[in-house]
Student: 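Below is the structure I would like to discuss, written out as structure tokens.
Letters A, B, ... are given to chains in the order of the sequence lines, protein chains preceding strands, and every chain is numbered from 1.
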Amino acid sequence: GNSVTQMEGPVTLSEEAFLTINCTYTATGYPSLFWYVQYPGEGLQLLLKATKADDKGSNKGFEATYRKETTSFHLEKGSVQVSDSAVYFCALSDRTGTASKLTFGTGTRLQVTL
Amino acid sequence: DTGVSQDPRHKITKRGQNVTFRCDPISEHNRLYWYRQTLGQGPEFLTYFQNEAQLEKSRLLSDRFSAERPKGSFSTLEIQRTEQGDSAMYLCASSSTDTGSDTQYFGPGTRLTVL
């Protein structure tokens, strides 16, 4: 079956540090890949996505590249801010069935300090 | 576009009681999904509708759970005879196949606590 594995948190960084959150996946077919973010007290928000191999998704300074050969979709940001503190979820969408239901990782909590 | 809304945001109930949650998707989104998220975990798929038809149900959706989308717009999720293990955040998402991307947009969730 499909699965997503994320690095465990929490990840604690100082402001302006470089961020990497690792994500690897197992899937049949050719899934789309997503990063969602959940800020404290809020719902899941789509951060970025990539729909095919070698695509790079980017938004708000975050980026991730769909690597089929390593089945990975690592999230990066060059300089984090305190406002980036949240839980980040990697997910895949399996399009081989009747619906594009999402399979999520367990989430990685990021805490950015001054 | 007001986004996906869910009601109530919080529900506290006693074991054995029935509860019902509502989800209003983004207008004209033809697909609607329900997920459940427990503490420290990612959301898990429960069921999905395309228009008014319920097309897939997860094995997580026991007989005590029922979902409807009677007119292809809002949806309800009912849990009968609640158990403590039902305590979780229930998330609704919607998407449109018309755009070709089928990206899912989530609501704020309903947090259920079963005492």
Side-chain angles (χ1 to χ4, degrees), chain A residues 1-10 21 23-27 29-52 55 57 59 66 73 75 86-109, chain B residues 2-7 9-10 23-26 29-51 53-61 67 69 88-111:
Chain A
N2 298 333
S3 66
V4 175
T5 302
Q6 288 182 237
M7 64 187 290
E8 290 190 13
I21 300 179
C23 170
T24 57
Y25 68 91
T26 302
Y30 302 96
S32 293
L33 301 173
F34 303 83
W35 278 100
Y36 281 84
V37 58
Q38 191 170 35
Y39 297 102
E42 299 186 16
L44 283 168
Q45 299 177 24
L46 178 65
L47 182 59
L48 54 84
K49 67 177 184 180
T51 58
K52 61 182 186 296
D55 268 3
N59 185 27
Y66 189 143
F73 193 54
L75 182 69
V87 181
Y88 292 80
F89 292 93
C90 185
L92 68 83
S93 171
D94 180 1
R95 292 172 290 181
T96 58
T98 57
S100 299
K101 62 190 179 197
L102 293 169
T103 299
F104 285 86
T106 55
T108 302
R109 181 176 298 279
Chain B
T2 57
V4 179
S5 62
Q6 293 187 245
D7 184 71
R9 295 290 304 274
H10 303 274
C23 170
D24 287 88
I26 294 171
H29 273 192
N30 57 343
R31 284 187 170 172
L32 187 148
Y33 300 78
W34 287 98
Y35 292 83
R36 181 172 69 187
Q37 185 179 18
T38 54
L39 202 60
Q41 300 297 314
E44 295 174 293
F45 170 78
L46 292 179
T47 188
Y48 115 94
F49 293 83
Q50 179 148 325
N51 300 312
Q54 187 174 17
L55 296 185
E56 191 168 347
K57 294 194 288 187
S58 162
R59 285 173 292 179
L60 293 175
L61 213 65
R69 194 183 184 198
M89 177 77 85
Y90 290 84
L91 300 170
C92 176
S94 69
S95 70
S96 171
T97 53
D98 292 342
T99 63
S101 71
D102 206 20
T103 297
Q104 294 180 35
Y105 297 89
F106 282 80
T110 294
R111 182 171 295 283

Student: Do the side-chain N and O atoms of Glu44(B) and Gln41(B) include a donor-acceptor pair separated by under 3.5 angstrom?
Tutor: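 Side chains of Glu44(B) and Gln41(B): no pair found under 3.5 Å.
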Student: With a 4.5 Å limit on heavy-atom distance, are the side chains of Phe89(A) and Gln37(B) in contact?
Tutor: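 Result yes, sub-4.5 Å side-chain heavy-atom pair found.
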Student: For Leu102(A), is it the side chain, the backbone, both, or neither that has a heavy atom closer than 4.5 Å to a heavy atom of chain B?
Tutor: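 For Leu102(A), heavy atoms of backbone and side chain both lie under 4.5 Å from chain B.
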Student: For a 4.5 angstrom cut-off between non-hydrogen side-chain atoms, does Leu61(B) reach Gln54(B)?
Tutor: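 Result yes, sub-4.5 Å side-chain heavy-atom pair found.
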Student: What part of Gln45(A) is in contact with chain B, defined as an atom under 4.5 angstrom from a non-hydrogen atom: side chain, backbone, both or neither?
Tutor: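 No part of Gln45(A) comes within 4.5 Å of chain B.
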Student: Check the pair Trp34(B), Arg69(B) against side-chain contact (heavy atoms from CB on, under 4.5 Å), reporting the backbone distance first and the verdict last.
Tutor: CA-CA 11 Å; Trp34(B) 287 98; Arg69(B) 194 183 184 198; over 6 Å; no
Student: What part of Arg9(B) gets within 4.5 angstrom of chain A, counting heavy atoms only: side chain, backbone, both, or neither?
Tutor: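 Answer is side chain: those atoms of Arg9(B) sit under 4.5 Å from chain A.
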